[in-house]
Amino acid sequence: MVAASLLLSTTLPAAAAISQRSGVPTSAGDAAPTLRSLANTPELQRFYERVGWRLVWNEAASRALEDVIARRADHGLDRLPFLPSIEAGETPIARDVALTRAALRYARALATGVVDPATLHAVYTLPRPDIDVVAGLASALDRGELTSWLAGLAPQDADYRQLSEAYRAAVAEQQRDSGGAPRIAAAGLIRPGDQDDRVPAIAKQLAAEGYLLTPGSTAPVRPAPSRLYTSDIADAVRALQRDYGLAEDGVVGPRTIEVLNLSPADRARAIAVALERLRWLARNPPATRIDVNIAAARLAYYRDGMLVDSRKVIVGKPGRETPLLSSPIYRLVANPTWTIPKSIENTELAHVGPDYLASHNMVRRGGYIVQQPGPDNALGMVKFDMINDQAIYLHDTSAPGLFERSQRHLSHGCVRVEDALGFAQLLAEDEGVADRWQAASGSGAQTFVPLPVRIPVRLLYQNAFVDETGRVTVRTDPYDWNGPVARALGFDDGAHTRTQADAIDIGP
């Protein structure tokens, strides 16, 4: 962990050079030229211009900044140094600029994140926070409210607070387990009833993570050093597999071993990245919206600020990742046709003949292959049309059995919705167009049903999150997108749990 300390002088500069205004030191006229030369970024220049080119950091404000930054682990930022070291003999003006630079950097980290997501993703259209940290810092220092202002910059919702608590707990566990548990070897499968030398280590890890509990208690069991893979251990493995998006079969294979070998440091890393991603988001999401968590392959529908529906989705496979978008649904499409993109026509369908097209209800029209409406259409029986330039939308599927899979990163980028007809009916009822939707759905022909009010959709990526039971859950990182964010937060690469691409069908 990176240590950062602030060596503060115990006395303010001489009164001849510093006057007092509401307890905040202000510069004499001779400070302005030096301030202008040391404030060497547009942000610093704008700040000092706003405060009249005066010094602003008295000892109380300096101590407040030091105390706030000392608690930066609350935000998963404890591996980053923010405070400068103030050398003995440092001039008051240089000291003032150094503290302003540190305060602005920390404020930006809390308000909008350390990383600009647009530098990591070719497509990122989710609304960002609109917070002027320069004006905010100037006002907070003037009012003597630096601590409360900084505390209000990060997300204030319950999920952020719970992830914060989980991060501190993971860091504490990491410190207790500084030696690190021995890694469990990935050598062959273990099924219930098997005898295997790895079982004691597996049971110990499951108990440490709260999956293997004493019956009737919340206390972890103290596993005996038995080689027998019992049904109780298999049940705990299934719970672990469910939380990490793996097949819930109770069989210990390479992917399950990979998860069991995740250390408290890996968990802390994932949660810190999740906190960072939440800081990227606008603080006032629409009260009525649909959030798709791409990493967990889950959809949540909020109505007037309340969660009213949650269901599984299928999202893009690695190499065809679902992008991070904000894009509203503006109409329902009953019995949709599917115009197959050239990217699919020239790959998966490059060598098919007329017989294949006919058997899949496909025709050539205007230079494209178009699949006609019907239960075998890859879009299923409903499409949720969205406004974006990425051809990304929600839709039904002709392969509903895929929702039974724990790993659901299988599509070409669009989002397939479990029981999409039921979901369309729910939206139609909420939007007052249920009768029109029923008529359109029963017509058998492609029919458009506009929504009176567009429903915002956010396509997010959170592999550490608070699940529906109120528990912080850490899933695998299916697209391996955590690495650059983690490194920017001061972490090493850690464990990689990228999902393997799985060719299932040609659907979008």
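Every value quoted in this text rests on a predicted model; they were computed, and no experiment measured them.
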Decide yes or no on side chain to side chain contact (heavy atoms under 4.5 Å, CB included) for Ile233 and Val199, but give the supporting numbers first. CA-CA 9 Å; Ile233 300 175; Val199 170; 3.9 Å; yes
Does His75 form a ring pair (Phe, Tyr, Trp, His ring centres under 6.0 Å) with Tyr167? I'd like the steps, not just the answer. CA-CA 8 Å; His75 308 282; Tyr167 176 76; over 10 Å; no
Could you walk me through whether Asp291 and Leu299 pass side chain to side chain contact (heavy atoms under 4.5 Å, CB included), step by step? CA-CA 6 Å; Asp291 284 347; Leu299 173 152; over 6 Å; no
For Gln241 and Arg238, run side chain to side chain contact (heavy atoms under 4.5 Å, CB included): C-alpha distance rounded to whole Å, both residues' side-chain angles, the deciding distance at 0.1 Å, then the answer. CA-CA 5 Å; Gln241 290 168 333; Arg238 289 188 187 94; 4.2 Å; yes
Walk me through it: do Arg311 and Asp309 pass the test salt bridge (charged side-chain N to carboxylate O under 4.0 Å, His left out)? CA-CA 7 Å; Arg311 59 188 65 210; Asp309 189 76; 2.7 Å; yes
Applying side-chain hydrogen bond (donor to acceptor under 3.5 Å, both in side chains), run through Thr469 and Asp467 and close with a yes or a no. CA-CA 5 Å; Thr469 69; Asp467 66 18; 2.6 Å; yes
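Inspection of the Arg279 and Tyr160 side chains reveals an N or O donor paired with an N or O acceptor under 3.5 Å. A donor and an acceptor atom, one from each side chain of Tyr106 and Arg108, are nowhere located under 3.5 Å apart. For Asp96 and Tyr48, the side-chain atoms include at least one donor-acceptor pair closer than 3.5 Å. No donor-acceptor contact under 3.5 angstrom links the side chains of Thr288 and Tyr301, judged on distance only. Counted by atom type alone, Asn482 and Tyr461 present zero donor-acceptor pairs between their side chains at under 3.5 Å. Of the N and O atoms on the side chains of Ser263 and Arg267, not one donor lies less than 3.5 Å from an acceptor on the other residue.
For the atom pair CG (Asp132) and CZ (Arg50), the distance works out to 6.5 Å, reported to the nearest 0.5 Å. To the nearest 0.5 Å, atom CD of residue Gln162 and atom CZ of residue Arg471 are 10.5 Å apart. Atom CG of Asp197 sits about 12.5 Å away from atom CD1 of Ile184, to the nearest 0.5 Å. To the nearest 0.5 Å, the span separating CG on Leu325 from CG on Asp389 amounts to 8.0 Å. The structure places OG of Ser164 at 4.5 Å from CG of Asp74, a figure rounded to the nearest 0.5 Å. Taking CG of Leu459 as the reference point, atom CG of Asn388 lies at 8.0 Å (rounded to 0.5 Å).
Within the 3.5 Å criterion, the main-chain N or O of Arg405 finds no donor-acceptor partner in the side chain of Gln407. Under the 3.5 Å distance criterion, the side-chain polar atoms of Trp280 are matched with a main-chain donor or acceptor of Val115. No donor-acceptor pair closer than 3.5 Å links the side chain of Arg458 to the backbone N or O of Val292. Side chain of Ser411 to main chain of Gly316: a donor-acceptor pair is present (N/O by atom type, distance under 3.5 Å, no hydrogens or angles). Judged by distance alone, the side chain of Arg416 and the main-chain N or O of Leu394 form no donor-acceptor pair under 3.5 Å.
Under the 30°/60° scheme for interplanar angles, the aromatic rings of Tyr124 and His121 are found to lie parallel.
Residues Ala203 and Leu212 approach most closely at O-CD2, 3.8 Å, considering heavy atoms. Nearest heavy-atom pair across Arg475 and Phe465 is CG-CE2, 3.8 Å.
Remark: Arg269 fails to qualify as a cation-pi partner of Phe491 under the 6.0 Å distance and 45° angle criteria applied to the six-membered ring. Judged by a 6.0 Å distance limit and a 45° cone about the ring axis, Arg95 is not positioned over the six-membered ring of Trp57.
Residue Asn40 places its CG atom among more than 12 non-hydrogen atoms of other residues, nucleotides or ligands, all under 6.0 Å distant.
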